[in-house]
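This report refers to the structure that appears directly beneath it.
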Amino acid sequence: IDLLVLDNATGNNYIYGIAAIKSQEIYLPPPPAFGTEDPGEGNYVTKRMLTIANGNTSVGPFEWSDLRNEEWGGIALNAEKTKIIASVKLSPIKNVQNANWRDDETVVVENQTYAVSKNVVCYNLQTSAWMSLANARAFATSMTLYVDELGVVRGMEVH
């Protein structure tokens, strides 16, 4: 084999959307004191918990601190879907016009061609609602695209 082409091998394993960070107080019981069954008093700690909103669902909460509140990003989960094993921040491309779209799979901005994920998530800032790509493009003439480090459009906001 001279060349192996993987169709977005890593990027499709992420769940993309808008981060919501909330503080949550968690009780940590102490270990039993030496030579006794009495564990003593526990501790409460405050943890930052992340939920990713992406359409009519949300994923989380998970303990995490890398993404900021209301930031577009993606997370990859372990096999049990109980922990985040990786995260990625998406980069915004602002003021993209409908005229920049070649079709639903390709958009060109400043002579740079971007592929559009089949699972792109679209958010309407005016109505605070998630919508399909077709409805998002029909709603607004200008939008912000959110791309991963491979240049794939993973999210879109219309205003």
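Here, residue 1 is the first one in the sequence, and each next residue gets the next number.
K89 is linked by a salt bridge (Lys or Arg N to Asp or Glu O under 4.0 Å) to nothing, counting only residues two or more places apart in sequence or in another chain. Listed by chain and residue number, nothing satisfies the side-chain contact (heavy atoms from CB on, under 4.5 Å) test with A115 (two or more places apart in sequence, or in another chain). V121 is linked by a side-chain contact (heavy atoms from CB on, under 4.5 Å) to N54, W72, W130, counting only residues two or more places apart in sequence or in another chain. Residues passing the salt bridge (Lys or Arg N to Asp or Glu O under 4.0 Å) test with E105, sequence neighbours excluded: none.
With 3.5 Å as the limit, one finds no donor-acceptor pair spanning the side chains of N124 and Q126.
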For residues 137-144, tabulate all N or O donor-acceptor pairs below 3.5 Å that involve a side-chain atom, not counting sequence neighbours.
{"from": "R137", "atom 1": "NE", "to": "N98", "atom 2": "OD1", "distance (Å)": "3.4"}
{"from": "R137", "atom 1": "NH1", "to": "D104", "atom 2": "OD1", "distance (Å)": "2.8"}
{"from": "T144", "atom 1": "OG1", "to": "H159", "atom 2": "NE2", "distance (Å)": "3.3"}

Less than 3.5 Å apart, which donor and acceptor atoms pair up between the side chains of residues 17-24 and the rest of the protein, not counting sequence neighbours?
none

_Verdict with supporting geometry, V88 and I75, side-chain contact (heavy atoms from CB on, under 4.5 Å)_ = CA-CA 6 Å; V88 62; I75 57 172; over 6 Å; no

*Please lay out, stage by stage, how T51 and V59 fare under the test side-chain contact (heavy atoms from CB on, under 4.5 Å).*
CA-CA 6 Å; T51 300; V59 179; 5.9 Å; no

*Given V116 and L133, is the side-chain contact (heavy atoms from CB on, under 4.5 Å) satisfied, shown in steps?*
CA-CA 10 Å; V116 180; L133 176 60; 4.3 Å; yes

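Side chain of N43 to main chain of L28: no donor-acceptor pair is present (N/O by atom type, distance under 3.5 Å, no hydrogens or angles). Judged by distance alone, with hydrogens and angles left aside, the side-chain atoms of E80 form no donor-acceptor pair with the main-chain N or O of N78 at under 3.5 Å.
Around atom CD of E25, more than 12 heavy atoms belonging to other residues, nucleotides or ligands sit under 6.0 Å away. No more than 12 heavy atoms of other residues, nucleotides or ligands shown are found within 6.0 angstrom of CD on E70. No more than 12 heavy-atom neighbours from other residues, nucleotides or ligands sit within 6.0 angstrom of CD on E149.
In this structure, the side chains of V152 and Y114 stay at 4.5 Å or more apart for every pair of heavy atoms. The shortest side-chain heavy-atom distance between S128 and Y123 falls under the 4.5 Å cut-off. Between E63 and M49 the shortest side-chain heavy-atom distance falls below 4.5 Å. The side-chain heavy atoms of T82 and L77, taken from C-beta on, include no pair separated by under 4.5 Å. Side-chain contact check for N100 versus V108: every heavy-atom pair is 4.5 Å or farther apart.
When all heavy atoms of Y146 and P92 are compared, the closest pair comes out as CE2-CB, 3.6 Å.
A distance of 10.0 Å separates OH of Y16 from CG of N119, quoted to the nearest 0.5 Å. Rounded to the nearest 0.5 Å, atoms CD1 (I26) and NZ (K47) are 6.0 Å apart. Separation of atoms CG (L145) and CG (N95) is listed at 10.5 Å; rounding is to 0.5 Å.
Side-chain heavy atoms closer than 4.5 Å link hydrophobic residues (I, L, V, M, F, W, Y) into clusters, and following such links, even through other members, never connects V153 to L125. Grouping the Ile, Leu, Val, Met, Phe, Trp and Tyr side chains by contacts below 4.5 angstrom, directly or via other members, places M156 apart from Y14. Criterion: ILVMFWY side-chain heavy atoms under 4.5 Å apart, direct or through other members. Under it, I52 and I84 are part of a common hydrophobic cluster. V96 is connected to V120 through a chain of hydrophobic side-chain contacts under 4.5 Å among Ile, Leu, Val, Met, Phe, Trp and Tyr, so both are in one cluster. Hydrophobic clustering (ILVMFWY, side-chain heavy atoms < 4.5 Å, transitive): V107 and M131 are in one cluster.
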